[in-house]
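Every heavy atom of this structure was used, including side-chain atoms; hydrogens, water molecules and symmetry mates were not. Just so we're on the same page: letters track the sequence lines, and every chain starts at 1.
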Protein chains: 2
Amino acid sequence: MRLVIARCSVDYSGRLSAHLPLATRLLMHKSDGSLLVHSDGGSYKPLNWMSPPCTLVREEPDEEATSVGVIERWRVTHGKSGDALLVSIYEVLHDSAHELGMDPGLQKDGVEADLQRLLAEQVGLIGEGVALVRREFPTAIGPVDLLVRDPAGGTIAVEVKRRGDIDGVEQLTRYLELLGRDPHLAPVRGVFAAQEIKPQARVLATDRGIRCLTLDYDEMKGIDSGAPRLF
Amino acid sequence: MRLVIARCSVDYSGRLSAHLPLATRLLMHKSDGSLLVHSDGGSYKPLNWMSPPCTLVREEPDEEATSVGVIERWRVTHGKSGDALLVSIYEVLHDSAHELGMDPGLQKDGVEADLQRLLAEQVGLIGEGVALVRREFPTAIGPVDLLVRDPAGGTIAVEVKRRGDIDGVEQLTRYLELLGRDPHLAPVRGVFAAQEIKPQARVLATDRGIRCLTLDYDEMKGIDSGAPRLF
DNA sequence: TATTGCATTTCGTGC
DNA sequence: GCACGAAGTGCAATA
């Protein structure tokens, strides 16, 4: 990885056109050829960038560029798409290269898939005596996260989200509409399960007769690890 | 902006839990307090990060950490949400600080809004003799990008996208269903306009009687600048 | 200030 | 390999 702090301007041409006026920025050139242009603020998204696979070529600035103070040019091109990033460097304030090696990568825990798995193992949280039919129950408009049977013989469709928002309720409503027409499943009720349910979503769900279920991931995980399955 | 290359491990705890095993990485500490942890590959997304507003505190490692080789710890916390990032540093290979100053920011050209504006000015591309009714025509389920009248007195609803995908066709279909019920507008036809239309989207649109229109942004822009509006 | 919808989204997963 | 959906999404315009 090469790190350069430089006064530069940047032009991107590809899926759109974009321009960065002259200012001091960090140029991060990764070993896979990619380039990130970062300012000293904002979020993790660079001001401009080129994703791998791409190649960086150092160019001598033409006469016009030289006359306005450009001392060096980097052209980063994405072979396939034709996207191109042109960095015009006016002054280099820092330049260093580093060997980082491979990265073992991030281990995540607590994403929607984990919630869904845990709730499938702990369907009792949905209601007394309910039984799992299956996860990712397929329908014409996409899979329902969990489908369970209640003791009375009815069906419950469960939508699992990390953060429960209105569009999640809408999604579940569409499933309920479709599943309710199936005589093998009817009557079908809905449960909207999430770690955090937005007030607006809760109102909409309740209004539609959908029950809201707040999930405590840490607690569910504790039960999971505390009571390992025996078979 | 402070740049540190270090052998480190990272733990994130917040909306989810995540762990980065010991490896050599770039730690980018921006002047707004935010921290990015980058590896020497992947795309622009850091392996881990903390978004502003947040604060970084340097801590002395406890005895247990010291015994496994940790020489320094950075704790980055997001006041409001309680999110926390803990960086355990084992070895510092580079450490430099730089003054970058404010950034003038990115100037974009060619996003969906630009396409929509140009097509509104060049409605002739939609069909012979059509006239613009208005952009962002409001409906109960959201605004239609462009609403135009054809010479025969019918209405055309136009959905503009940079990249035409299936969900864009679905969106337009919902609008057509709603608008078609309005006697002032009926009959309403649909046009799906995008710089690039995915084959699947084209099939679905055609199947529903929606016409596909591929837009050449550069050409439209050329006409725009070549024939400036006189009023 | 909350909400909505786009993004040079990126990133995973299943087919 | 491609389409689909989630993301610690970020981000800007809007109501």
For B/A205 and B/C212, work out which heavy atoms get closest and say how close. CB-SG, 3.7 Å

When B/V111 and A/S51 are each assigned the nearest nucleotide of DNA chain C, the 5'-most assignment goes to B/V111

Which listed nucleotide (D/dC11, C/dT3, D/dC4) is nearest to the side chain of A/K45? D/dC11

Rounding to a whole Å, what distance do you find between A/K198:NZ and C/dT4:P? 9 Å

Whole-Å distance between C/dC15 P and A/E136 CD? 9 Å

Which of these nucleotides, C/dA7, D/dA6, C/dC11, is closest to any side-chain atom of B/E112? C/dA7

For B/D165 and B/F192, which heavy atoms make the closest approach, and how far apart are they? O-CZ, 3.6 Å

Heavy-atom closest pair (A/R135 atom, A/L132 atom, distance to 0.1 Å) is N-CD1, 4.4 Å

Expressed in angstrom and rounded to an integer, what is the separation of B/L172 atom CG from C/dG5 atom P? 15 Å

All heavy atoms of B/S39 vs all of B/L47, minimum pair found to be CB-CD1, 3.4 Å

Using a 4.0 Å heavy-atom cut-off across all strands, classify B/Y12 as base, sugar-phosphate, or nothing. base

For A/R163 and D/dG10, give me the distance from atom CZ to atom P, rounded to whole Å. 9 Å

Among the nucleotides D/dG10, D/dA6, C/dC6, which one has an atom lying closest to any side-chain atom of A/Q171? D/dA6

I'd like to know if B/R208 and B/E170 make a salt bridge, using a cut-off of under 4.0 Å between side-chain N and carboxylate O. yes

When all nucleic acid strands are considered with a 4.0 Å heavy-atom cut-off, which category describes A/M50: base, sugar-phosphate, or nothing? nothing

Students often get this wrong, so: under 4.0 angstrom with heavy atoms, is B/L106 touching a base, only sugar-phosphate, or nothing? base

Separation of A/L115 atom CG from D/dA6 atom P, in whole Å? 13 Å

Quickly work out the B/D103 CG to D/dC11 P distance and round it to whole Å. 13 Å

Is any side-chain N of the basic residue among A/E159 and A/K161 closer than 4.0 Å to the acidic one's carboxylate O? yes

Watson-Crick and G-U pairing of DNA chain D, under 3.5 Å, as dot-bracket with | and [ ]: |||||||.|||||||

B/R75, CZ: over 12 other non-hydrogen atoms inside 6.0 angstrom: no

Reckon A/S81 touches a base, only the sugar-phosphate, or nothing at all at heavy-atom distances under 4.0 Å? nothing

